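Right, one structure below, let's go through it.
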There are 2 protein chains.
Amino acid sequence: MAKELTAKGKATRGRIIDAAAEVLRESGIEGTTLEGVMARSRTSKSQLFHYFPDGKDQLLLAVAQYEADQVLDVQQPYLGRLDSWEAWQQWRDVTVRHYEEQGDHCPIGTLSLYLGRSTPGARAVVIELLHRWQEYLAVGIRALRTAGHLPAGLDVDERAAALLAAIQGGVTILQATGRADHLRAALDLAIGDLRRLGEPASAPAPAPGEDRARARG
Amino acid sequence: MAKELTAKGKATRGRIIDAAAEVLRESGIEGTTLEGVMARSRTSKSQLFHYFPDGKDQLLLAVAQYEADQVLDVQQPYLGRLDSWEAWQQWRDVTVRHYEEQGDHCPIGTLSLYLGRSTPGARAVVIELLHRWQEYLAVGIRALRTAGHLPAGLDVDERAAALLAAIQGGVTILQATGRADHLRAALDLAIGDLRRLGEPASAPAPAPGEDRARARG
DNA sequence: AGAAAAATGGACCAGCAAGTCCACTCTGTG
DNA sequence: CACAGAGTGGACTTGCTGGTCCATTTTTCT
């Protein structure tokens, strides 16, 4: 791949990807044009095609890869240390806050949608991301199980899959509506239900263990 | 607005929307061009702009509205009768199957992403859809609670929100990866956990399987 | 130093798609 | 039947964007 890339060349290439990522975040896919990337990165067209001979798609794929790495990075180190209920709660808080701040747009979703049909690599990037993400969650659940906080018979992978779906859905809705309620509810209930599985003795039915209002006609 | 529309005119307008929806489903947003819509609907450019004076965005907004209605329609009548666990299971099966068949692409998501920034109406359409969807779920949960299948103190709206997020996430992942595992897991666990809340006496700990044994390809 | 390779600048091209315009045809109503 | 207005056809304009090409500068390596 990166065979003969001078330090300078490497820097330029990186600048292009950074710029493209920024433009994409700000202007969406239809607002992301090579000219815009050129302007932002202070490069010329020849450079774009020098580093990405296959053109726009190749560049956007690189951006997708870059953004995919970001997704998990911003959740660290919490995502990597889900070995107690407190750690889960902490991770939940960080994740919710991050997506609340990011708000509007998800570069991965945008790119996935845009490159999906044409560029096969894009799908692979997303699948890889989801897989890694789910694996972190599974590791965390297993840690809880090993520590005796969860029943031994629990289907870890299924739980992890559901949890990942909950996050995705919450984020999707957050981006569509601007409100984080669903993300919060999804995470809280997913974690809460999980937790309840580990406390068979405690309150089984009403269990307002969290902070919800109860009285309701 | 659409005041003076002959029967013929109305038909043409409808044909344009149908055609646009089809093209969008088949070719994605970047493949959806006015020319394509013209060809598919056998209309001319002047007609497109006659019925949608504001151009492409206006047309796509109409398509979004149309597709939003579809989303809930295909889940009926099940979505409207979630008054027993069996009914929930039935709805789950139908929904999963539908999205499995639809597979690749979600017109709403595509349009939401594309129109999101520019057209304010698009966001409203999506919000309205999500709201109606969640309300159906909430009504179903309330029905269960009223029937005594769920504890009285349950926060229905939060559960409904989480459930909606679970669906959205599952569908998102299905569309990204092509696999419905997450959608199934998310729905099964969300419904399963809910059900567990109504059966405080039953097996509290292991029992991961419960009732969702079937349909697990 | 000096040649080879990498990096860069930017003019130029081709194509496509949204939107405009005007002329023409239908339809219904007094 | 006539005529006003809706409905239709399609050429044309405009603007932009991805992509090509070649000349030039800078770096690297011996």
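This is a predicted model, so every value here is computed, not measured. Each chain gets a letter, A, B and so on, in the order its sequence line appears, and its residues count up from 1.
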*Is any side-chain N of the basic residue among B:Arg15 and B:Asp18 closer than 4.0 Å to the acidic one's carboxylate O?*
no

_Return whichever of B:Phe49 or A:His50 has its heavy-atom-nearest nucleotide of DNA chain C closer to the 5' end._
A:His50

*Scan A:Thr6 against the nucleic acid and name what it touches under 4.0 Å (heavy atoms): base, sugar-phosphate only, or nothing.*
sugar-phosphate

*In whole Å, what is the span from the CD atom of A:Gln58 to the P atom of D:dG18?*
15 Å

*Under 4.0 angstrom, heavy atoms only, what part of the nucleic acid is A:Phe52 near: base, sugar-phosphate, or nothing?*
nothing

_How many whole angstroms separate atom CG of A:Leu34 from atom C1' of D:dT20?_
13 Å

*Rounded to the nearest angstrom, tell me the gap between atom CE in B:Met38 and atom C1' in D:dT8.*
11 Å

*How long is the line joining CG of A:Leu48 and P of D:dC21, in whole Å?*
17 Å

*Looking at CD of A:Glu35 and CE of A:Met38, how far apart are the two atoms once the value is rounded to the nearest 0.5 Å?*
5.5 Å

*asked:* Closest-nucleotide mapping onto DNA chain C: is B:Thr32 or A:Arg15 further toward the 5' terminus? I mean the 5' end.
replied: A:Arg15

_Without decimals, in angstroms, what is the distance between A:Lys10 NZ and D:dT27 P?_
18 Å

*Assess whether atom CZ of B:Arg81 is packed by more than 12 heavy atoms of other residues, nucleotides or ligands within 6.0 Å.*
no

_Interatomic distance, B:Leu59 CG vs C:dA17 C1' [rounded to whole Å]_ = 14 Å

*For A:Tyr51 and C:dA6, is the shortest distance between a side-chain N/O and OP1 or OP2 below 4.0 Å?*
no

*Nucleotide nearest B:Lys45 when distance is taken to its side chain, options D:dG18, C:dA18, C:dC26*: C:dA18

*May I ask you to verify if any side-chain N or O of A:Gln47 is less than 4.0 angstrom from the OP1 or OP2 atom of C:dT8?*
yes

*Choosing from D:dG18, C:dT20, D:dG7, which nucleotide comes nearest the side chain of A:Lys56?*
D:dG18

*With a 4.0 Å cut-off on heavy atoms, is B:Thr33 in touch with a base, just the backbone sugar-phosphate, or nothing at all?*
sugar-phosphate

*asked:* Rounded to whole Å, please give me the gap between CG in B:Leu5 and C1' in D:dT8.
replied: 14 Å

Output a table of donor-acceptor pairs, distance under 3.5 Å, between side-chain atoms of residues 64-72 of chain B and any protein atom two or more places apart or on a different chain; print 'none' if there are none.
residue: B:Glu67; atom: OE1; partner: B:Arg25; partner atom: NH1; Å: 2.7
residue: B:Glu67; atom: OE2; partner: B:Arg25; partner atom: NH1; Å: 2.7
residue: B:Asp69; atom: OD1; partner: B:Arg132; partner atom: NH2; Å: 3.2

*For the side chain of B:Ser46, starting at C-beta, report the closest nucleotide among D:dG7, D:dG9, D:dT20.*
D:dG9

*Roughly, in whole Å, what's the span from CD in A:Glu35 to C1' in C:dG10?*
11 Å

*Give a yes or no on whether a salt bridge exists between A:Glu100 and A:Arg179, defined as a side-chain N under 4.0 angstrom from a carboxylate O.*
no

_What's the closest nucleotide to the side chain of A:Lys8 if the choices are D:dT17, C:dA7, D:dT8?_
C:dA7

